[in-house]
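Single-structure report; data block below.
Just so you know, these numbers use all the heavy atoms, side chains as well, and skip hydrogens, waters and symmetry mates. First listed ligand is number 1; within each ligand, the first listed atom is number 1.
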Amino acid sequence: MMKLLLINGPNLQLLGRREPEIYGSETLPDIVRKLRCEAQEFGFELEDFQSNTEGEIVSRIGETLGDPEIAGIIINPAAYTHTSVAIRDALAAAAKPALEVHLSNIHVREEFRHRSLTAPVCLGCIIGLGSYGYSLALRGLVHHLQTSDSAVARTADTV
Ligand code: DQA
């Protein structure tokens with residue numbers, strides 16, 4: 001079964017307790033559980049990875065380069081969105097279709113959150129819809145994989 005990789009960056013392990021008025025009351029395990037079921041409904045396995053460390057995120061993205069089972073990436077780089085050239089370069093190097101998610105609308109918050117270094121190397125971004133954004137990203141990624149000239153689309157054609 002082809003896999004989708006969900007990557008969450010720093011402090012997202014605190015979801016549910018962290019500034020719930022901004023990030024909502026759902027925990028990360030709640031979100032991952034729901035997303036895993038949704039991925040299965042579309043015929044994909046969800047692999048999830050959370051780290052507070054930039055280098056670990058860079059390494060995990062880099063590993064996908066040699067892993068043909070990973071069809072695409074859903075990523076919330078959290079604070080690294082606004083600072084990390086390394087994560088941007090890793091996403092570009094991996095060359096897997098990626099969708100960026102932000103729970104909050106980063107454009108109505110502090111100015112330093114308005115810029116995303118990682119968005120330009122992603123297919124698109126879903127911003128400001130809370131945890132529902134992850135579900136929309138999953139749907140968007142699956143749609144992209146099934147309609148583009150990707151390995152998944154080609155595999156589907158031949159079975
Ligand atoms: C976030 C927005 C970032 O600015 C922030 O640093 C986060 C979470 C979001 O999901 O809204 O940690 O990525």
[atom]: which protein heavy atom is closest, and how many Å away?
atom                    : answer
atom 5 (C) of ligand 1  : R113 NH1, 3.3 Å
atom 11 (O) of ligand 1 : S104 OG, 2.6 Å
atom 9 (C) of ligand 1  : L103 N, 3.4 Å
atom 1 (C) of ligand 1  : H102 ND1, 3.7 Å
atom 4 (O) of ligand 1  : H82 NE2, 2.7 Å

Quiz item: Parallel, tilted or perpendicular: which fits the ring planes of H114 and H107, with parallel below 30° and perpendicular above 60°?
Solution: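 H114 and H107: tilted rings.
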Self-check item: S116 vs E100, side chain to side chain donor-acceptor pair (under 3.5 Å): CA-CA, chis, key distance, verdict
Solution: CA-CA 10 Å; S116 170; E100 180 167 313; 2.9 Å; yes
Quiz item: Side chain, backbone, both or neither: which part of N76 comes within less than 4.0 Å of ligand 1 when only heavy atoms are counted?
Solution: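 Near ligand 1, N76 shows its side chain, while the N, CA, C and O stay back.
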Quiz item: Atoms of ligand 1 less than 4.0 Å from R18 heavy atoms?
Solution: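 Heavy-atom distances to R18 below 4.0 Å select 7 (C), 12 (O).
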Quiz item: Quick check: does any side chain N or O of E69 sit under 3.5 Å from a backbone N or O of M2, one acting as donor and the other as acceptor?
Solution: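 Side chain of E69 to backbone of M2: no pair is present.
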Between the side chains of [X] and [Y], does any donor sit under 3.5 Å from an acceptor?
X    : Y    : value
T27  : D30  : yes
S104 : R109 : yes
N8   : Y134 : yes
N52  : E54  : no

Quiz item: So is I106 in contact with ligand 1, going by heavy-atom distances below 4.0 Å?
Solution: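 For ligand 1, residue contact (heavy atoms, under 4.0 Å) with I106 is present.
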Quiz item: Any non-hydrogen atom of T81 lying under 4.0 Å from ligand 1?
Solution: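 Not so, T81 does not reach ligand 1.
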